[in-house]
Amino acid sequence: MRAIVFEDAHNLALKEVDAPEPGANDVVLKVAAVGICGTDTHVFDGEFEGTVYPLIPGHEATGVVTAVGADVTDIAVGDHVAINPSTTCGECEFCLNGRQNLCRSWNGLGVVASDGASAEYLSAPRANVFKLRPETDIHEAALIEPLACAIRGYDLLPRRMGETYLIYGAGTMGLLMAQLAPRAGAASVTVVDLNEGRLQAARDVGVENTYTKADDASRELGIEKWDVVIDCTGAIPAIEDALPRVKAGGTFQHFGVAPAEATAHYSPFRVYRDEINIVGTMAVLNTFGRAVAMFEAGAINPTPMISHSFTLDEYSSALEKFRAGTGRKLQIRPNDTESRVLLDI
């Protein structure tokens with residue numbers, strides 16, 4: 001089969017590799033769609049902790065089942081499925097205490113040491129395979145994996161009605177966090193991004209308050225500080241601008257993935273004096289099934305979020321487009337024969 005392979009940091013190739021065969025508890029699927037996200041660029045740049053090369057990237061995946069292992073009885077050939085890419089050791093302190101996402105041997109498919117979905121076929125453990133309804137759009141459903149990460153983020157945030165939310169970044173994660181905020185009790189949601197095209201995406205999914213600068217938002221909305229501030233960029237300048245905007249007693253969440261060695265400056269005195277909660281969030285933890293349910297219940301508006309699909313041959317172009325911040329969610333559709341513009345933006 002054909003697959004994109006990250007040979008090592010900064011080096012990728014489109015190659016012929018062996019198609020996967022299912023182990024006893026595995027499921028093989030023909031990949032329908034796999035989203036490109038910031039994690040993929042960190043992996044390609046050698047910035048993600050623990051990545052082992054060579055590696056087939058891609059962790060936001062859906063597909064159609066083509067084979068199942070001998071011990072798999074509840075998934076059948078022809079089923080439409082979404083894949084939770086997170087695997088863990090099951091034996092360490094964190095796994096045994098129900099915090100599997102903190103496992104020191106955490107291994108995301110397409111991220112650390114197991115091949116991902118930027119290939120014509122993917123093999124995944126049965127436990128990581130979630131059935132979709134036949135009527136669910138199998139391409140849009142590739143947003144379920146980032147939605148599961150967003151739900152994990154909300155599991156760690158306070159759930160109080162009537163609070164104000166400020167979200168940095170109108171990429172995929174910012175759009176998902178913004179759409180979930182009203183369901184978590186937000187009275188107002190404000191999104192800040194330097195990219196006007198991404199702010200239009202926020203408006204298209206229903207966000208009313210969109211700004212290129214938080215100072216403008218504060219002045220026009222009359223909000224000096226926000227109850228909850230979430231960084232979905234991983235960019236140090238954004239983080240340093242965002243944290244001081246948290247109201248006393250409020251919460252700041254690191255959601256975006258920063259380079260492992262990056263550092264940010266903030267006032268420890270203010271964190272102490274105002275009892276600011278600083279919360280991290282890592283991947284998914286018992287949220288993937290809920291993400292499937294929320295997606296199929298219409299909790300998010302996926303159609304304005306996906307702007308382009310690319311064939312495997314165009315993977316490099318897709319990665320370059322992602323880095324340039326043009327378009328919205330970009331997908332690889334490994335079994336398509338042509339790339340497509342899905343939104344006229």
Side-chain angles (χ1 to χ4, degrees), residues 38 101 146-194 198-199 201-203 205-258 264-285 287 290-291 294 299-301 305:
N101 64 323
L147 180 60
C149 295
I151 292 172
R152 171 59 184 162
Y154 273 100
D155 283 351
L156 294 164
L157 287 173
R159 301 294 187 89
R160 294 190 295 178
M161 302 299 292
E163 293 198 313
T164 54
Y165 279 63
L166 174 62
I167 296 171
Y168 279 68
T172 299
M173 298 316 310
L175 297 179
L176 291 173
M177 296 299 277
Q179 290 179 84
L180 291 179
R183 291 174 175 261
S188 74
V189 181
T190 302
V191 172
V192 174
D193 197 300
L194 297 175
R198 290 189 171 183
L199 290 179
R203 293 188 284 271
V205 299
V207 179
E208 294 184 4
N209 302 323
T210 60
Y211 296 87
T212 55
K213 296 180 181 179
D215 284 341
D216 293 342
S218 185
R219 182 176 60 255
E220 293 188 20
L221 299 174
I223 302 175
E224 182 180 356
K225 295 184 185 296
W226 282 259
D227 296 296
V228 179
V229 179
I230 305 170
D231 173 67
C232 293
T233 71
I236 300 305
I239 292 167
E240 293 179 340
D241 187 72
L243 201 148
R245 300 184 189 277
V246 182
K247 185 185 294 185
T251 300
F252 176 81
Q253 184 169 71
H254 284 285
F255 195 104
V257 181
H265 295 87
Y266 63 90
S267 167
F269 178 82
R270 174 146 191 272
V271 173
Y272 145 78
R273 174 63 181 84
D274 287 347
E275 291 191 344
I276 302 300
N277 301 298
I278 299 178
V279 180
T281 176
M282 164 62 183
V284 304
L285 179 64
T287 55
R290 285 184 281 155
M294 292 284 280
I300 66 165
N301 181 6
M305 294 180 63

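Just so we're clear, the structure is a prediction, and the values are computed from it rather than from any experiment.
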Checklist entry - Ignoring hydrogens and geometry, is there a side-chain-to-backbone donor-acceptor pair from Gln253 to Gly153 under 3.5 Å? => result yes
Exercise. So with a 6.0 Å cut-off around CZ of Arg273, is the heavy-atom count from everything else above 12?
Worked result: no
Correct closest heavy-atom pair for Gly280 and Leu156 would be O-CD1, 3.2 Å
Here the pair of heavy atoms bringing Ala214 nearest to Tyr168 is CB-OH, 3.3 Å
### Query
Less than 4.5 Å apart, any side-chain heavy atom of Val279 and any of Phe252?
no
Between Ala178 and Pro182 the two heavy atoms that sit nearest each other are O-CD, 3.3 Å
>> Treating Lys225 as the side-chain partner and Pro244 as the backbone partner, does any N or O pair qualify as donor plus acceptor under 3.5 Å?
In response: yes
*Any ion pair linking Arg290 and Asp155 (charged N to carboxylate O, less than 4.0 Å)?*
yes
Handout entry: Ser218 and Trp226: CA distance, side-chain angles, deciding distance, side-chain contact (heavy atoms from CB on, under 4.5 Å) verdict
Key = CA-CA 9 Å; Ser218 185; Trp226 282 259; 4.0 Å; yes
Chi angles and distances behind the side-chain contact (heavy atoms from CB on, under 4.5 Å) call for Val205, Met305
CA-CA 8 Å; Val205 299; Met305 294 180 63; 3.9 Å; yes
Minimal heavy-atom distance between Ile276 and Gly249, with the atoms involved, is CD1-N, 4.2 Å
Interatomic distance, CD1@Ile167 vs OG1@Thr233, rounded to 0.5 Å, equals 12.0 Å
(request) Check whether any side-chain heavy atom of Phe255 sits under 4.5 Å from a side-chain heavy atom of Asp231, and report yes or no. (result) no
Interatomic distance, CZ@Arg152 vs CG@Leu147, rounded to 0.5 Å, equals 14.5 Å
Give a yes-or-no answer on whether the side chains of Tyr211 and Asp193 include a donor-acceptor pair shorter than 3.5 Å. no
Can you confirm whether Asn301 sits close enough to Gln179 that some side-chain heavy atom of one is under 4.5 Å from a side-chain heavy atom of the other? yes
- If we only count heavy atoms from C-beta on, is the Arg183 to Tyr154 side-chain gap below 4.5 Å? no
To the nearest 0.5 Å, atom CG of Asp215 lies from atom CD of Glu220 at 11.5 Å
Note, Tyr165 side chain near Thr190 side chain (heavy atom, < 4.5 Å) = no
Please assess Val192 against Lys213 for the test side-chain contact (heavy atoms from CB on, under 4.5 Å), listing each intermediate value before the final yes or no.
CA-CA 6 Å; Val192 174; Lys213 296 180 181 179; 5.7 Å; no
Q: Flag the pair Ile278 / Leu243 as yes when at least one side-chain heavy-atom distance between them is below 4.5 Å, and no otherwise.
A: yes
Return yes if some donor-acceptor pair links the side-chain N/O of Asn101 with the main-chain N/O of Met282 below 3.5 Å, else return no. yes
Between Met173 and Pro146 the two heavy atoms that sit nearest each other are CE-O, 3.2 Å
Value for CD (Glu163) from OG (Ser188), rounded to nearest 0.5 Å, stands at 10.0 Å
Partner of Leu221 under side chain to side chain contact (heavy atoms under 4.5 Å, CB included), picked from Asp216, Thr164, Asn209, Leu166, is Asn209
Handout entry: Thr251 side chain reached by Val246 side chain, heavy atoms, under 4.5 Å
Key = no
Rounded to the nearest 0.5 angstrom, the OG1-CD1 distance for Thr281 and Ile230 is 10.0 Å
Check your understanding: Side chains of Leu199 and Val191: does their closest heavy-atom pair fall under 4.5 Å?
Key -> yes
Rounded to the nearest 0.5 angstrom, the CG-OG1 distance for Leu194 and Thr212 is 7.0 Å
Quick one: does Thr287's side chain have a donor or acceptor within less than 3.5 Å of a partner on Ala148's backbone?
yes
Task: Arg160 atom CZ: more than 12 heavy-atom contacts under 6.0 Å - done: no
Heavy atoms of Ala202 and Ala170 approach each other most closely as CB-CB, 4.4 Å
Using a strict 4.0 Å threshold on nitrogen-to-oxygen distance, state whether Arg245 and Asp227 make a salt bridge.
no
For the backbone of Arg203 and the side chain of Glu208, can you confirm whether one donor and one acceptor N or O come within less than 3.5 Å of each other? no
